[in-house]
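The block underneath contains the structure these notes are about, expressed in structure tokens.
Throughout, a chain's letter reflects where its sequence line sits, starting with A, and its residues are numbered from 1. Keep in mind it's a predicted model, so treat the numbers as computed, not measured.
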Amino acid sequence: MSKRLLRVLSAFLLLTSLASSAAAQQVFRYPEDTRPSSLLPFFAEDMSAVRMCELIFDSLVVQNKRGDFEGGLAKSWTVDADQGGIKFVLREGVKWHDGEAFTAEDVVFTIQAAQDPKTLFNSKSKFNFIREVSAQGQYGVYVAFDRPVPEAEKRFLFKILPKHGFPDTAISRKDKFAREPLGTGPYKVKKGGYSLRSIALEVNGDYWSTPKVSEVLMQHTPDKSAQINLLQYSGGKAGVQAVIFLPPKNIPLFENSDSVVLEPYHTVSWWYMAYNHENKALADKAVRQAMALAIDRQELLEAHLGRGDILSGPFTESSPFYNFQVEPTGLELERANQLLDGAGWARKGDTRAKGKVKLDFEFVMDKELASNQALFLGIQAQLKKVGITVRPNYVDHAKYRDQVFTRRKFDLTLNIWSFEEVEDVYPLFHSKGVMNFIGYNNADVDTMLDTAKATKDYKKYKEQMKQLHAVLAQDLPYFFLWSLDIYSGISKKMKGVYIQPYYYFSSFPEWELSP
Amino acid sequence: MSGAASFLALAGRRIAASLLLLVGASFLIYFTIRSAPGDAVDAITPMGTPPEIKEKLAAEFGLDQGVLGGYGVWLSRSATGDFGESLVFAPGQTVMEVAGPAFEKTLLLSGGALFATVVLSILLALLLGEPSARQQGLTGALYFITSAPGFVSAVVFSAAVNAGVQRFVEQAGHETPAWYPIPIYSDSIVPYFFAGFVLVMGDGLLMDTFNAVRAEILGVRGAQFISAVRARGASVTPHLWLNLAIPIFSAFVSRLPVVLGGVVIVEYVFTLDGAGYLLLEASKQRDFPVVVGLSVLFTLAVIVVGLLSDVARSVIDQREVARDG
């Protein structure tokens, strides 16, 4: 570069640096694909909101790095011998971000608010097992259940709200609390820190441990390439220190990076191809099985999404319910053809048919799903080999939800299920399940799910789930695909990083940002 | 009819036509967004949400009314300046609370970029004068550079600046600037300068405006009345600029919708929190009060600037008539 050019650029950098001195502070910055829907935990309906609430609020119980449950706002707890209730002893001296003391009344309020019929939120049913809640002194809470609940403490990961933050227990999603939250968590919203596109947090000086990072800035950056750009140049003062989810195609970019480390983390989520069982052809088990044998999952996964585990049933391999006795099927074109021939689906040109019914399906794809077009084209080419035609219909996210989940106007679709702490597949596969959008109806499966639901013994429940896995692997309500190895890109300036499954930031107070 | 009366009549007709246009545009936008598959309730409720919760939310959001009835309610409320409340994007906040500040930023960005484009075009036109064979290389290169779509310009600009700054910092041992890398995470004004630069240089705006302005300048310079002024020995400059003011202002006005359209993409790439970003997000979430409110504000901006152009033209015409008469 010529000296003159260097001088001109130096002057430009100096001038523009002066114009943006505010950006030069040491803060942990990270981008989000979606803007948090609400900072009121009941209405935190997307993962960006869940992550933000993790920094602002506390729960009674938390899950540690080993996966064990330990006290959060609760110092200790005792479960009744008959599993009919639980008593929490709360941590003393905890303060809300406005300086008010945290007491048992706040826990009682949170549960009562969640159960108030006027508080309308999606995960309301999570509180159904609670019959009654009462304060026992300033720091004791007793929760009575409407039935025995095994491992009850797992159900108390919900965030606690301040009683003095609301006029009554009927909480609306429009409440300004959603923008001006008041928690007991390690971080609080900075004054003027909530804006259209970003949320700035500062450390809560009264927190019972000492968070090491002083400020956090989340910015909504829907463009993934912009996120990657910001991480690539994370040495810059305005760079980001983490990208929550790195698309597989970008992973090689950081594999030998001097400034970024790939941090794997576990999510309880798996991909599936759903069959609409209301379609006559897809109601035929032989068709579903043949499709499963004609699709090479390993090839699709490696070509378009990177690394992961091929699954045989509705749980991830790390789940206690995964049945390793059931092997995932592989590519078997000959057997697929035999199955279709045997079931009377004869080849007529490119597409098989039985009478007037053809194996010709509309494949509805959500445009927001990663690699949706490449995956569809792969599946289309593979199914063509056995005489099955699939036609794509790519739709935007809102239309997808309406068309597939609400109106059920599809034959095939591809999607992902993600679970929190409890992997409950009852809503997916029971004929009366609220998330059974495929019209699946199998009396044996219904009985297995009902029996498991009524089981009090966890060991028995685990066995029942493994049996269910085996049955579903055969019957194929969905074609179970894979669970992905998920990576975050984290700046090497960050130390002590541990990413909590699902909640992500649970151990963030221990993260450190070196200069 | 006196000059003033005819001017008022013209202004009245233009305002009435503008109001009709505004109502028609708002109805089209309202109808389109309400008729699109999926609504605000779908956008915020995961599958498995009990139907009674969905129904209550739909009633709370005003989605239980038909499109025509809903539009009637919206129109009567917005006539008093109340565009309603955001449903999904910022629940509990009024549309104006959310959209107002964002719209101001977008208007400043678009107006600033357009103003810079016009000034640059005038300077270029004065500098280059009449088209000639010698200029073909320069104008051809300018055409080539500035004809890239705004999105491409923005992405290439960001990548080039980031790579360039990194190289420069490594070579010169300079500290990285606070705005690096792009898009930056701060409330600094620097990204707005960058976005403005991309708006000027993208979508062929600069060369299109330059061509229009140069044609006007050459046209006025060669007009008979200018020759007459010159023959009288008077200064031609006041006449020149008085006659160029309206065409140049018209060039500004006619390109405003183009820039307002381009700003959506540029705000997306530079992660700016303007109305373009808000419009895109609110549309995805089917937050129809925000989408309709913002669209009305965009339409209103174009109409108001068009009206100002008409008023200015009328005032100048009156002065011309009075002077010549």
query: Can you say whether B:V98 sits under 4.5 Å from chain A via the side chain, the backbone, both, or neither, judging by heavy atoms?
result: both

task: Indicate yes or no: does B:R286 engage A:D396 in a salt bridge with an N to O separation below 4.0 Å.
output: yes

- prompt: Under a 4.5 Å heavy-atom cut-off, does chain B meet the side chain of A:P427, its backbone, both or neither?
  reply: neither

query: Can you tell which of A:Q403, A:R35, A:R173 has the highest number of heavy-atom pairs within less than 4.5 Å of chain B?
result: A:R35

message: What part of A:S172 gets within 4.5 angstrom of chain B, counting heavy atoms only: side chain, backbone, both, or neither?
response: side chain

field: Charged N-O contact under 4.0 Å between A:K174 and B:E85
entry: yes

query: If you count heavy-atom pairs under 4.5 Å with chain A, which of B:L87, B:L272, B:V155 comes out on top?
result: B:L272

- prompt: In terms of heavy-atom proximity below 4.5 Å to chain A, should B:Q93 be classed as side chain, backbone, both, or neither?
  reply: both

message: Could you check, using the six-membered ring where one of them is a Trp, whether A:Y400 and A:Y394 have ring centers closer than 6.0 angstrom?
response: no

- request: Please determine if A:R179 and B:E97 form a salt bridge, counting it only when a charged side-chain N lies under 4.0 Å from a carboxylate O.
  value: no

field: Under 4.5 Å from any heavy atom of chain A - which part of B:L280
entry: neither

statement: Okay, A:S198 and chain B: the region with an atom under 4.5 Å from a heavy atom over there is neither

Chain B contacts, top residue of A:D46, A:V395, A:D223, A:D175 (heavy-atom pairs, under 4.5 Å): A:D223

statement: Okay, A:K399 and chain B: the region with an atom under 4.5 Å from a heavy atom over there is both

message: Strictly distance-based, threshold 3.5 Å: is any side-chain N or O of B:S283 a donor or acceptor partner for the main-chain N or O of B:V291?
response: no

query: Are A:F410 and A:F437 close enough that their ring centers fall under 6.0 Å?
result: yes

query: Do B:Y71 and B:F31 have their ring centres less than 6.0 Å from each other?
result: no

